[in-house]
Structure formats: C-alpha cells, structure tokens
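Take a look at the structure below.
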Amino acid sequence: MEESNRLEEERRAKVTRLRAEGLEPYPWEFPGRVGSDRIRESCARIPPGEADRSGSVRVAGRLRAVRVHGKTTFADLEDGYGTVQLLLRADALGEAPYGRWLSFLDPGDIVGAEGFAAVSRRGEPSVEVGGLTLLAKAIAPPPEKYHGLQDPEEKLRRRYLDLLASPESRERFRLRTHLLQEIRAVLDASGFLEVETPVLGPVASGAAAAPFVTRSNYLDQEVRLRIATELSLKRLVVGGLEKVYELGKVFRNEDLDTTHSPEFTELEVYWAYADYHDMRRLVESLFERLADRTVELSGGSEEARRRAAAFRPPFATVDFVDELERRSGLVGVAEKGREELASLARGIGSTVPAESTRGTFLDKLFEHYVEPTFDRLTFVVDHPAATTPLAKRHRSKPGRVERFEIFVPPGYELGNAYTELNDPDEQERRFREQLAEKGAEHYAYDEEYVRALRHGLPPTTGVGLGVDRIVMALTGAASIKEVLLFPLVRPRPLPSDRGPAAPPG
RNA sequence: GGGCCCGUAGCUCAGCUCGGUAGAGCAGGCGGCUCUUAACCGCAAGGUCAGGGGUUCGAAUCCCCUCGGGCCCGCCA
C-alpha cells in the first residue's frame, strides 16, 4: 500500500488533467535525442544571447530546477551526460501552450525537448525550446534541490534518490564499475580465465566464517552460500585450468560495519607453476593499473591523485613474526604454547574464547601491536603456520607459511595470498587439527577437496582481494556502505508493528 | 553484546539547556515578473515532533521502554 500525501495528490491531478487534454504522461519513446554534453559543445561556438537556428536538437532528461520568470522560464535538465538549460519562451512556444506546460511541469519530471542550441545572455548553454514532450511524470517530489538527500539512512535505503540527487554518489559508483572492468582487463590480458563457481553448495569452506544456510527443495536438504571461492577454484587448477580467477559475491553471516558487509565482492586468482612472490608482483602491477585508472576517471583531481598514490610502490613489507616481536618486545612468540599465548592475549584485553587456536591468539597479538603502526599500504609476510591452514610451509623459515596479507591504513585488510598447500595428506591433517581445536561449527571440513588434491595440484599461488575495500580506499569512502549500491539494511517495521492501533473513534 | 549520539512538514534544518498556542528555507497552490541559474516579490496552505508509557495544571522539550539509524569498542576473524 503506497503512502500518499498532498504533494503527490496534486501531481496525480496533473496526470489526470494531462490525459483529459489528450497528452500521454508516460509515452513510449523520444527518438533522436543527443546527450547534453554534445549540446554544450555546440554552444561553445555561439555568442551569448544568440542561437544556432541552422538545425534543431533533441535532448531528454530529468528536470532539476525550474525558474519561472514571467513569460520566460529557465529549467535545468539533467541527463546521463551532464546538464543543460532549457529556455522556454511564450513567444517561441505560443502563449497558451507555454502556460499549459508551466501548469503541468514539476521538478523531477522526465521530459524531452526539441529546439535550437542557444546561449543565454548570461552565457549559459541552453536549448531554446520549440517543442516539449513529457516522458514520465514524477508523482513523488525529488529531494531538496540544493542540499540533496542528507539523511544517511535514506541514502542507503533509497539509493535511487541518493543517486538522482547526488552527482558525487553517481560518480563513485561509476568509478567502482570501471575499476572492476580494469581488474578483468589486467587479468584477461595476462592469460587468466574468468570462471563462475557455485554460490550454493553443501559445504561452505575456504575461510573461517559463519555461512548463510538455506534449503534446496530438489536435494531436500540444507545448502549454504559460499564464504569463499578458494576451494572450487583450486579444483579447477587440478583439472588443468592453470590460470583462473573469479570476481564475484561471497556471503558471510556476520555484522555489517564500516569495513564489513554480509555480502561482498571478492576477487580470487589462482596461478599454477607460480609462487607467492610471483603473485605479489601480479598484485602490485594490478594496483598500479587501478591507481592509473582512478586518476584518469577522476579528471586528475588532487584528491584522487593522493588516494591513488597509496597504490603505487614503494610499499612497506614486514615479516609477521619479526615485526610482532619488535613491536611487542616479546621473544620467541611464534613458538609459545597455546596457554601462554592465551594469557598474553588476555593481557592486551582480548576477550576471544580461551579455547581458541594458537593462530587466533597470534592474530590478536598482531592486530594489537602491529596493525595500528601501518602508515601506508603494507605487505605482511610469512605468517606462523598456526594462523593459516591452507598455505604451504615456508621453504626456508621453519614454522612459517608462504603467505602475504595486504593492509591499508588505518588498518583494514585488502587481501591475502599464499603459495598453496598441495600436499593432500598434510592438508587433511591441518583440517582435522582445525576441527579438533575450534569445533565443527567454525570450520567446515571439505573432504571432497582433499580428494581432489590427491590427484595432484601443481605448485600454485592464489590470492583473495576485497574489492569493495579497494574501491573504498580509491574513492575515499569512509564506510563500505558507501561503495555498495544496496547494502543490507534492517527492514522498516510495518505500520502494524508500531504498537497498538488508534482507538476506535 | 557495551557506550555515546541522532529521528521535528515531501526534502534541508531551527526550536529541546531553562516545560507555556510548532518555526524557516526548498518543493507544492494562487498572484506578479521576457535572461534566470539556490532567480526574485506578495498571499495562503502544509505537522502522529519515530512509536508507546510516565511526571506535570501543561511535554517536541524532563524520565522510562520500544523501533530505526550513525559513530566508537567488543565479537564473528
């Protein structure tokens, strides 16, 4: 049931009147329109106060502001290419049609105009309108023309209003799409094959996170939404697809906060016969391309240059264990037992459960002592084996794995890469250790994946990148919600849930 | 889960300290205006002050609860 109000009733009445006069408020087409940018280009050659009457132009878009000035009216029309002013004059349109149009039109309406490119006496690129067509009458009024939509809740719940009121918001999402296209372009050009792996499956594995659980009627059993694409993609490498990637949504049944969303876009790349050093070079070159694209698409603004610079070398590199010991003053931290690590974690105020793994405690210590010290994009390398069940043991550092994580100040993670563990028996053992330590509800054991490994996974490197967070960093968004078109929000309570109904009158 | 803050007209915001008939701008209505660009001038209209309860002669304002949102912390990691 749609809520109605006085303003909407008035606009509905206009629709009725339009129809009574034989004018269709929602027609089917407006052929031959050109973008407002093209009209502005033509206007560059026209002196103020004059028009180019050698040929007419057609333009269509949404009315923003309407300035009625007696028998002349100025209206700002916005389309996908920018804005252009419409110049409506009673003597050009005819007195009666001019008055009729003024009584029908409101800001927010979608209109088409035909006329001559012209420049107003004050120098504004315009279309001197000879004919006007209503293309879609807006019943609901648009947000306030100067301030736009400010309420952060409304911006998220009704993104279309945010977009139509805020060019900056439109630009941010346009840049997001172009950055995703650039990621694909870089990987495609390097011979990687884009694939799609299942969202639904019996086991949500590849990361430690709570899955969304739903149900397949066909299978008559529970299925889970993927929390990572890692294990599917490595099966493909076993199958001989040596360079694959997937850029898509993964789902984690957890909180939405400044840097987390229950559904987010992740890039995972797997590359056979390469190791994590190769992967780091690939990621660094990808980052540079994204930085270039950001500057290019932001018109080279100073702000964009500054943000992009963070994605160019030189990057900081820190060894997980060395840096943790340096910052904390602890010695031999990676060799300490679970009990001792637990008490160290308690000492820094962590409340993670006492039965957590050694890896969890090490991560907590690292988060506390090291992450806040990052002052630029930083690669953290060679983590203790206990923190990482899917990575291969380090070729020269005992007790470590070949891994890098990428952090951006003020301290959120952008990505994670390994030289992949491809020894099936060791993989099985590590899965079982995880299960024993953390419990089945936290770690899904994908038995079928281990079976695939037994057929031989070549030496392989893989990476997972949080695409939303990369977009955040490159667009200067303070919250992940600003780079998601439709972030998950709690549904508004229905009117019937708002407490007792009014007493019967 | 804890702390702090916000919710007033379709939109942007005052009013809340210190309780006394709910205000402005935009948008909309009516009138005026042929070069404005947040156009301007005049008139009239527009409210479940998020919802519920309490205190009080009197509550947008003070107190409690609920809902929605924001920020910080914790957790998922």
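Residue numbering restarts at 1 for every chain, and letters A, B, ... go by the order of the sequence lines.
The interatomic distance linking E144(A) (CD) with U8(B) (C1') rounds to 16 Å, in whole Å. The nearest whole Å value for the distance from the CD atom in Q150(A) to the P atom in G10(B) is 18 Å. Between the CZ atom of R6(A) and the C1' atom of C11(B) there is a distance of 13 Å, given to the nearest Å. In this structure, CG of L7(A) is placed 13 Å from P of A9(B), rounded to the nearest angstrom. Look at CG on L164(A): it is 13 Å from P on C11(B), rounded to the nearest Å.
A sub-4.0 Å separation between OP1 or OP2 of G70(B) and a side-chain N or O of K155(A) is absent. For the OP1/OP2 pair of G69(B) and a distance below 4.0 Å, the side-chain nitrogens and oxygens of R490(A) include at least one atom meeting the criterion. Side-chain nitrogen and oxygen atoms of R67(A) include none within less than 4.0 Å of the OP1 or OP2 phosphate oxygen of U37(B). The shortest distance between the side-chain N/O atoms of R157(A) and the OP1/OP2 oxygens of G69(B) is below 4.0 Å. The shortest distance between the side-chain N/O atoms of K364(A) and the OP1/OP2 oxygens of G74(B) is not below 4.0 Å.
Separation of the P atoms belonging to G46(B) and A9(B) is 15 Å when rounded to the nearest angstrom. As rounded to the nearest Å, G68(B) and A27(B) have C1' atoms that lie 26 Å from one another. Comparing the same atom, C1', in G10(B) and in C16(B) gives a spacing of 24 Å after rounding to whole Å. Separation of the C1' atoms belonging to C35(B) and C43(B) is 27 Å when rounded to the nearest angstrom. A distance of about 14 Å separates the P atoms of G20(B) and G58(B), rounded to the whole Å. A distance of about 27 Å separates the C1' atoms of U21(B) and C11(B), rounded to the whole Å. Between U8(B) and G69(B), the two P atoms lie 15 Å apart (nearest whole Å). Comparing the C1' positions of C18(B) and A59(B) gives an interatomic distance of 14 Å, to the nearest angstrom.
Here the closest non-hydrogen pair linking E325(A) and A334(A) is OE2-N, 4.4 Å.
Between C11(B), C35(B), C76(B), one nucleotide has an atom nearer to the side chain of E254(A) than all others, and that is C76(B). Picking from A27(B), U12(B), C33(B) the nucleotide with the shortest atom distance to the side chain of L149(A) gives U12(B). Closest to the side chain of F74(A), out of U34(B), C35(B), G74(B), is C35(B). In the set G70(B), C33(B), C35(B), the nucleotide with an atom closest to the side chain of R121(A) is C35(B).
T387(A) OG1 to D363(A) CG: the interatomic distance, rounded to the nearest 0.5 Å, is 5.5 Å.
Listed by first and then second residue, the salt bridge (Lys or Arg N to Asp or Glu O under 4.0 Å) pairs that reach into residues 373-387 of chain A are D382(A)-K397(A), sequence neighbours excluded.
Of all nucleotides present, none satisfies the Watson-Crick or G-U wobble test against G74(B) with each distance under 3.5 Å. Pairing for G7(B) is with C67(B), a Watson-Crick or G-U wobble pair whose two hydrogen-bonding atom distances lie under 3.5 Å. Pairing for G42(B) is with C30(B), a Watson-Crick or G-U wobble pair whose two hydrogen-bonding atom distances lie under 3.5 Å.
Ring pair H69(A)/F74(A) is perpendicular by interplanar angle, where above 60° counts as perpendicular and below 30° as parallel.
At the heavy-atom level, G49(A) lies nowhere under 4.0 Å from the strands shown.
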Hey, mind stepping through K249(A) and E266(A) against salt bridge (Lys or Arg N to Asp or Glu O under 4.0 Å) and telling me if it holds?
CA-CA 6 Å; K249(A) 289 277 186 74; E266(A) 199 201 17; over 6 Å; no

Mind running salt bridge (Lys or Arg N to Asp or Glu O under 4.0 Å) on R224(A) and E222(A) for me, showing each step along the way? CA-CA 7 Å; R224(A) 286 140 210 277; E222(A) 276 185 356; 3.1 Å; yes

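Both T258(A) and E128(A) sit near RNA chain B, but only E128(A) has its closest nucleotide nearer the 5' end. When the nearest nucleotides of RNA chain B are assigned to A65(A) and K71(A) by heavy-atom distance, the more 5′-ward of the two goes with K71(A).
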